[in-house]
> 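Sharing a structure with you now.
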Amino acid sequence: ADVIKALVSVGEQSKEIQLWATPEKVFQVDDTKRTGLSLQLYTVKNKAGLGVGDFNDLLELCDLCAQQHMDYILLNPLHLLFAQQSERASPYSPNSRALLNPLYICVELSADAKNNPQLDALLHSDEVKALFNSNEQFINYEKEKSNRLRGRSSETAKAHRG
């Protein structure tokens with residue numbers, strides 16, 4: 001794309017801007033149909049029982065799609081959302097576009113998760129089992145965040161104990 005600098009003036013105010021010229025055509029693939037998947041990672045049911053999908057679930061999904069010879073996965077933005085306002089869950093209006101949402105971290109794959117009785121107790125608690133077995137239509141982001149953060153704090157506690 002060609003970038004052209006331009007000075008725009010309205011009344012007494014002026015501002016230098018960039019104009020982007022794009023090619024007439026974008027890269028085209030052959031005419032064969034493509035098969036893929038479009039999803040929001042938070043809608044994937046987490047196999048560890050922690051509610052929304054995480055990066056490990058995404059990895060497994062990628063492997064499954066590759067086995068099925070799919071051509072693409074369209075994924076929602078994974079930006080950092082508002083920690084104190086779980087109901088503001090839209091990935092399209094994040095708190096930060098530069099940071100990833102920590103709820104997508106796979107708790108069970110963390111080095112601090114191994115041999116961690118506190119985390120094991122959380123993962124086998126009635127509250128987490130109820131969340132995993134739930135057939136609710138909508139995600140309870142507050143409960144999801146609470147369980148994930150409790151899992152991360154269990155890992156942190158183990159790391160500090162050595």
Side-chain angles (χ1 to χ4, degrees), residues 1-3 18-116 119-120 122-156 159:
D2 295 325
V3 179
Q18 292 181 347
L19 295 176
W20 290 55
T22 58
E24 217 174 282
K25 288 174 112 179
V26 296
F27 174 76
Q28 300 289 315
V29 296
D30 54 23
D31 286 339
T32 60
K33 290 199 177 230
R34 302 290 174 189
T35 301
L37 189 62
S38 176
L39 67 113
Q40 290 75 32
L41 186 54
Y42 56 81
T43 65
V44 174
K45 190 131 189 176
N46 176 263
K47 76 173 193 173
L50 291 174
V52 302
D54 58 31
F55 291 126
N56 189 53
D57 298 312
L58 178 59
L59 179 61
E60 290 181 9
L61 184 63
C62 288
D63 289 342
L64 180 64
C65 288
Q67 291 170 16
Q68 300 300 315
H69 305 289
M70 289 189 177
D71 300 299
Y72 61 86
I73 295 178
L74 299 175
L75 189 63
N76 67 296
L78 303 172
H79 302 121
L80 178 65
L81 301 179
F82 295 87
Q84 303 306 320
Q85 299 170 339
S86 301
E87 68 282 357
R88 290 183 67 182
S90 172
Y92 300 101
S93 57
N95 186 1
S96 169
R97 295 190 191 289
L99 301 172
L100 290 174
N101 188 336
L103 293 181
Y104 294 130
I105 294 170
C106 180
V107 172
E108 63 184 358
L109 291 182
S110 168
D112 295 327
K114 293 173 180 39
N115 301 316
N116 186 332
L119 180 60
D120 290 341
L122 172 64
L123 293 177
H124 294 94
S125 70
D126 290 339
E127 184 179 1
V128 170
K129 285 180 185 176
L131 180 65
F132 185 66
N133 293 323
S134 167
N135 287 322
E136 292 179 26
Q137 182 178 1
F138 299 106
I139 297 168
N140 182 330
Y141 287 98
E142 191 57 43
K143 191 182 288 187
E144 164 64 21
K145 180 183 83 172
S146 172
N147 285 333
R148 289 279 175 146
L149 294 178
R150 284 173 40 210
R152 297 293 300 161
S153 67
S154 297
E155 292 173 348
T156 305

> Quick one: pull up SG in C65 and OH in Y72 and give me the separation to the nearest 0.5 Å.
10.5 Å

> Would a 4.5 Å heavy-atom cut-off, applied to side chains only, mark L39 and L75 as touching?
yes

> Roughly how far, to the nearest 0.5 Å, is OG1 of T35 from NE2 of H69?
11.0 Å

> Return the CG to CD distance between D63 and Q68, rounded to the nearest 0.5 Å.
12.0 Å

> For a quick test of reading the model, state the closest non-hydrogen atom pair linking C106 to D54 and the distance between them.
CA-OD2, 3.5 Å

> Please examine the side chains of S110 and I105, heavy atoms only from C-beta on, and report whether any two atoms are closer than 4.5 Å.
no

> Compare every heavy atom of H79 with every heavy atom of N101, then report the nearest pair and how far apart it is.
CB-O, 3.2 Å

> Would you please name every residue forming a salt bridge (charged side-chain N to carboxylate O under 4.0 Å, His left out) with D71, sequence neighbours left out?
R34

> To the nearest 0.5 Å, what is the distance between CG on D57 and CG on L64?
12.0 Å

> Once side-chain contact (heavy atoms from CB on, under 4.5 Å) is applied, do any residues pair with N76, and if so which ones, sequence neighbours excluded?
Q40, L41, Y42, L78, P91, Y92, Y104

> Return the OG to CG distance between S125 and D120, rounded to the nearest 0.5 Å.
11.5 Å

> Under the side-chain hydrogen bond (donor to acceptor under 3.5 Å, both in side chains) test, which residues partner Q67, sequence neighbours left out?
none

